[in-house]
Amino acid sequence: MAKVKFFSGKSLPLEMHKVRIVQKLFLPPVEERARLMNEAGNNTFLLQNRDIFMDMLTDSGVNAMSDLQQAAMLRADDSYAGSETFNRMSAKVREIFPGFPYFLPVHQGRAAENILASAYVKPGDVVPMNFHFTTTKAHITRMGGRVEELIIKEGLEPVNDCPFKGNFDIPRLEALIQEVGPEHIPFVRIEAGTNLVGGQPLSLENMRAVSALCKQYGLRLVLDASLLQDNLYFIKQREAACKEMTIREITAEIASLMDIIYFSARKLGFARGGGIAIREKAEELHMKEFIPLYEGFLTYGGMSVREMEAITVGLDESMDEDIISQGPQFIAYMAEELHKRGVPVILPAGGLGCHLNATEILPHVPHEQYPAGALAAALYIAGGVRGMERGTLSEQRNEDGSERFAELELLRLAMPRRVYTLSQVEYAIDRVEWLYKNRHLVGGLKFVDEPKVLRFFFGRLEPIGDWQEKLVAKFREDFGDSL
Ligand SMILES: *Cc1c(COP(=O)(O)O)cnc(C)c1O
């Protein structure tokens, strides 16, 4: 894979870094894992990190820092105003996004969304986008606006070899603009590396087409660049017209199409924070007033100056193909190995993690017994691996109390950037395969404590029947005294 070939012909992703700080991991025995999963209400959000062997819950704020990032943190300039740290960070943003002279710092991605929505969205407005992200949608609807998702139909098909499943459906975008009228569209939003459809990319060509339509109708174009680094890697790999371009050139080309670029530095930049890059002075003035109100002074926006220094170096590293290829290559390896073993996964693999298709893995578990949630609990019991339910459990009930069934029941196994080695990924593959072979043993879940809002974060569930005891017994039968 990538630029290094193995003499053996094996296709393996190769770590282009070495590990110099480590954190010890623990793997409790399977009986203990079953007990801990139940103490945590069969909700992986409620597990304690000390009890987890591989934490594949999210890629947010858990990426490994480099030596250069750690070194940069020591020279943080901790002043309330006029900080050199801010000057360095904003200069780096201007460098990678040419043509964006203005930069506003925010404490994380959703804070940028709050500010954009507060500044531009009015009641009755419509914001077209390839796909929503949870926090984006919440901020737009909070201001009385509504979101229209215009992803191509391939984007929602679990297995489809379309290389750019995150693309906009251009004819639908134009039809929508004509239908609602440009005056009711405060901005069009492109989400790079579309999060909720599995980290799927858009092509540069598609972004150009969106930009051309926006220019034609006088619309503002906003890029959510939180998952840009994965999208850059896929453009470089899959878009023939971009083969000879460097990552920096592709980034500059994308930037040239946009009016505003915002990002979560919990993902882009390998640290924790965020920011908004702006092309026009008038737009900067319009958004600026919200920063001291919600975030902090204009030179830190709620971030620690140490994190800002780490982001500055992390943004530079996001322009390095060796560095940004690591995540997508590991994810592709995991998805393809599972596919070879017959486990239903989302293909082609995207940038965020490997997604298991719980509907197909557990066809005997009905929607209302949360198959993706049950699979998450079962995988923790099977291997101490923590994933995140992305299915009906993550939805909110309808007004009348009935369940709103998700289109896809997925278990997301996120791949924190630069964190896990290939043998750890092999271990996760092995335990998923074992679980798949024993899928008939896995049953459903029911709520014992169901909060009205954000039930997937805090809700507690219990297994229906004694399937977890049976799963533990089968594990002992197959693995003997192994952990
Ligand atoms: C994570 C994410 C956000 C929100 O960022 P936070 O830093 O978690 O607030 C917004 N957009 C996308 C595409 C994301 O992946």
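One-based numbering, in listed order, for ligands and for the atoms of each.
Residue L227 has no N or O atom closer than 3.5 Å to an N or O atom of ligand 1. Considering both main-chain and side-chain atoms, N195 comes within under 3.5 Å of ligand 1 through a nitrogen or oxygen pair. Taking only nitrogen or oxygen atoms, main chain and side chain alike, Q108 reaches within less than 3.5 Å of ligand 1.
Y300 has its ring centre less than 6.0 Å from the ring centre of Y80. Residues H107 and Y294 place their aromatic rings such that the two centres sit no closer than 6.0 Å.
Between R417 and D59 a salt bridge is recorded (basic side-chain N to carboxylate O distance below 4.0 Å).
Of all atoms in ligand 1, numbered sequentially from 1 with element shown, those under 4.0 Å from a heavy atom of R266 are 7 (O).
Ring geometry for F263 against F103 counts as parallel: the plane angle stays under 30°, on a 0 to 90° scale with 60° as the upper cut.
Protein heavy atom nearest atom 8 (O) of ligand 1, with residue, atom name and distance: R110 NH2, 3.0 Å. Of all protein heavy atoms, the one closest to atom 1 (C) of ligand 1 is K267 NZ, 1.3 Å. Taking atom 7 (O) of ligand 1 as the reference point, the nearest protein heavy-atom neighbour is S264 OG, 2.6 Å. At the shortest separation from atom 11 (N) of ligand 1 among protein heavy atoms lies D224 OD2, 2.6 Å.
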Salt bridge (Lys or Arg N to Asp or Glu O under 4.0 Å) for E191 and R189? Distances and angles first, verdict last. CA-CA 6 Å; E191 183 179 312; R189 171 178 174 274; 2.7 Å; yes
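No option in I276, D224, V106, V222 other than D224 meets the side chain to side chain contact (heavy atoms under 4.5 Å, CB included) test with E113.
In this comparison of F263, Y262, F133, the heavy atom closest to atom 4 (C) of ligand 1 sits on F133.
In this structure, E113 counts as a contact residue of ligand 1, since one of its heavy atoms falls inside 4.0 Å of the ligand.
Cation-pi geometry between R279 and F100 is satisfied (NZ or CZ under 6.0 Å from the ring centre, within 45° of the ring normal).
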